Amino acid sequence: MKRTVFDEDHEAFRQTVRDFIAKEVTPVYHEWEDAGHPPRTFYNRLGELGILGIQAPEEFGGGGESSLKFNVVVAEETSAAGVTFGSYSVHSNLILPYLMENATDEQKQRWIPGFASGELMFAIAMTEPGTGSDLANIATTAKLSEDGSHYVVNGAKTFITGGALADRILVVCRTTPFDPDNRRGGLSILVVDTTSEGFSVGRKLDKIGLKASDTAELSFDDVKVPVTDLLGKEGEAFSYLTQNLAQERLTIAFGAAATAAAAIQHAIAYTKERKVFGKPVASFQNSKFVLAECSTELQAMQIMVDNAIELNDRGELSVADAARAKLFSTEAAGRIIDKCLQLHGGYGYITEYPIARLYADTRVSRIYGGTSEVMKTIIAKDLGL
């Protein structure tokens with residue numbers, strides 16, 4: 001079915017991104033995977049091209065775009081090429097809404113220009129060793145100093161995408177003691193400078209997939225954070241997280257659709273070329289039927305995701321609908337990519353083939369941003385259950 005979410009500007013941008021990937025990413029991508037992340041200068045390059053700050057205001061050096069559609073194009077082109085832009089998606093798709101909606105004018109002046117240029121890379125630290133999807137159980141503490149000039153942060157975070165190279169990290173921490181009668185209260189967001197004394201990056205976690213995206217453990221040992229780096233109001237973090245998780249989950253959903261589309265194209269190309277019993281694999285009825293099933297499921301996923309993108313651009317995407325988009329898209333992408341890998345036979349299990357990387361990279365989409373089980377809980381609540 002014909003898609004209607006993109007216009008000529010999006011397609012021109014798509015070609016720019018595609019050319020950039022072919023010239024500057026694909027030839028060295030294996031080096032990034034070996035290192036566990038792109039070189040730090042790569043993010044400056046994304047800033048130069050205007051990719052990092054597409055939605056940042058023009059007054060701060062950004063592109064001034066209100067729509068998320070250009071970010072969708074980046075996801076589709078990286079998936080098609082079988083690469084990632086490291087922690088780009090967290091930086092550009094997840095962090096910016098927090099800054100634009102909750103930062104003061106003075107904070108925006110300090111942070112947004114560097115955000116758009118790549119001089120300042122951001123990450124967000126929610127998950128802790130003992131806290132996964134239950135954010136209300138966060139234990140990292142931030143105590144206000146006696147003179148009221150700064151907070152002192154202590155605790156640990158894990159599974160932090162971009163944490164190894166970040167310059168600033170949005171740290172969700174507890175600024176008032178835990179109250180069992182108000183589990184969601186008392187949480188705040190502090191923007192921590194990673195050059196601060198007492199902050200350290202622990203293990204860089206070795207993952208099944210997403211090898212070129214750093215995921216790290218972080219430690220905070222009496223880290224002093226100026227009160228001027230409190231994001232929004234003290235104690236309001238849970239409401240900020242809930243508000244912005246809808247776009248995070250949409251980002252995961254359109255990323256899943258992009259990987260599924262890429263998997264189908266790889267499978268079509270491979271089965272046309274590969275011969276078994278003297279015939280192309282694509283000539284067998286099973287191959288045709290499997291790809292027909294995958295294509296149909298992708299179409300359904302794409303319609304759902306595109307509608308969610310339009311709703312998000314209008315500020316009308318609900319938490320429950322974002323959960324539906326993430327649940328359906330990530331589960332469907334898993335099924336599609338598995339079938340496409342099967343059509344590759346043994347070569348589908350070899351990492352030099354893009355389908356193998358897609359298979360490994362996509363699995364986490366059913367976990368991060370809220371597990372599929374959490375999505376089902378959100379949807380059930382929306383049904384009054």
Side-chain angles (χ1 to χ4, degrees), residues 1-21 46 49-58 62-85 88-97 100 243-266 268 294-333 336-337 358 361-362 365 369 375:
M1 297 180 185
K2 182 179 180 180
R3 298 178 68 190
T4 59
V5 293
F6 300 123
D7 59 24
E8 292 180 357
D9 290 339
H10 298 120
E11 295 307 329
F13 177 70
R14 182 186 301 279
Q15 191 59 54
T16 298
V17 174
R18 185 176 297 173
D19 292 344
F20 169 68
I21 292 172
L46 288 184
L49 293 171
I51 292 175
L52 282 184
I54 296 170
Q55 290 187 292
E58 292 181 0
E65 290 290 339
S66 60
S67 173
L68 194 64
K69 293 176 184 177
F70 288 93
N71 306 56
V72 177
V73 169
V74 174
E76 292 180 351
E77 290 305 309
T78 51
S79 293
V83 302
T84 69
F85 281 174
Y88 149 81
S89 184
V90 167
H91 178 87
S92 294
N93 296 331
L94 273 59
I95 303 295
L96 187 59
M100 294 309 303
Q243 180 181 1
N244 287 299
L245 277 171
Q247 178 163 310
E248 176 179 354
R249 287 162 180 163
L250 172 59
T251 298
I252 296 169
F254 67 64
T259 57
I264 292 172
Q265 291 306 309
H266 288 306
I268 290 172
C294 291
S295 175
T296 302
E297 194 161 18
L298 173 63
Q299 289 286 342
M301 186 199 320
Q302 198 70 74
I303 290 169
M304 187 180 203
V305 168
D306 286 354
N307 186 47
I309 292 167
E310 297 284 14
L311 288 172
N312 187 73
D313 279 0
R314 298 199 298 267
E316 299 173 6
L317 181 65
S318 69
V319 171
D321 282 343
R324 290 183 177 96
K326 180 184 186 296
L327 175 64
F328 181 74
S329 298
T330 56
E331 294 287 342
I336 290 170
I337 295 171
L358 287 172
D361 290 353
T362 301
S365 67
M375 298 304 101

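In this text the structure is predicted, and so the values were computed from the model without any measurement.
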CG on L96 to OG on S92, rounded to 0.5 Å = 7.5 Å
query = I309 versus L250: any side-chain heavy-atom pair under 4.5 Å?
reply = yes
query = Quick check: does any side chain N or O of S79 sit under 3.5 Å from a backbone N or O of E76, one acting as donor and the other as acceptor?
reply = no
remark   = To the nearest 0.5 Å, atom CD of E310 lies from atom CG of N312 at 10.0 Å
task = Would you name the heavy atoms of S329 and V305 that are closest together and state the gap between them?
result = OG-CG2, 3.2 Å
query = Which distance, rounded to the nearest 0.5 Å, do you find between the NZ of K69 and the CD1 of I54?
reply = 14.0 Å
key: Closest non-hydrogen atom pair between N71 and F254, with its separation   = O-CE1, 4.1 Å
key: Closest non-hydrogen atom pair between A253 and A325, with its separation   = CB-O, 3.6 Å
task = Please answer whether the main-chain N or O of I252 pairs with a side-chain N or O of K326 as donor and acceptor at a distance below 3.5 Å.
result = no
ask   = Where is the tightest heavy-atom contact between T251 and S89, given as atom of each residue plus distance?
value = CG2-OG, 3.3 Å
request  = Mark yes or no for whether Q247, through its side chain, and N93, through its backbone, hold a donor-acceptor pair below 3.5 Å.
outcome  = yes
query = Quick one: OG1 on T84 to CD1 on I21, what's the gap to the nearest 0.5 Å?
reply = 10.0 Å
remark   = Heavy-atom closest pair (D313 atom, S67 atom, distance to 0.1 Å) is OD2-OG, 2.6 Å
message = With a 3.5 Å distance limit and no angle check, can you tell me whether D7 reaches the backbone of H10 through a side-chain donor-acceptor pair?
response = yes
message = For M1, is there any backbone N or O sitting under 3.5 Å from a side-chain donor or acceptor partner on Q299?
response = yes
Side-chain heavy atoms of M301 within contact of I336, under 4.5 Å = yes
message = Measuring only between side-chain heavy atoms, which start at C-beta, is P97 closer than 4.5 Å to E248?
response = no
query = If you measure from CG on L94 to CG on L245, what distance do you get to the nearest 0.5 Å?
reply = 8.0 Å
message = With a 6.0 Å cut-off (strictly less than), is the heavy-atom count around CD of E8, excluding the residue itself, greater than 12?
response = no
query = Looking only at atom types and distance, does a side-chain atom of Q55 sit under 3.5 Å from a main-chain N or O of S66, one as donor and one as acceptor?
reply = yes
ask   = Does the R14 side chain pair with the main chain of E77, one donor and one acceptor, at a distance under 3.5 Å?
value = no
request  = Apply the test side-chain contact (heavy atoms from CB on, under 4.5 Å) to residues V74 and I51: give CA-CA distance (whole Å), side-chain angles for both, the deciding distance (0.1 Å), then the verdict.
outcome  = CA-CA 8 Å; V74 174; I51 292 175; 4.2 Å; yes
query = Which atom names give the shortest non-hydrogen contact between F70 and D9, and what distance separates them?
reply = CE2-O, 3.9 Å
key: Spacing of E297 atom CD and F328 atom CZ [to the nearest 0.5 Å]   = 5.5 Å
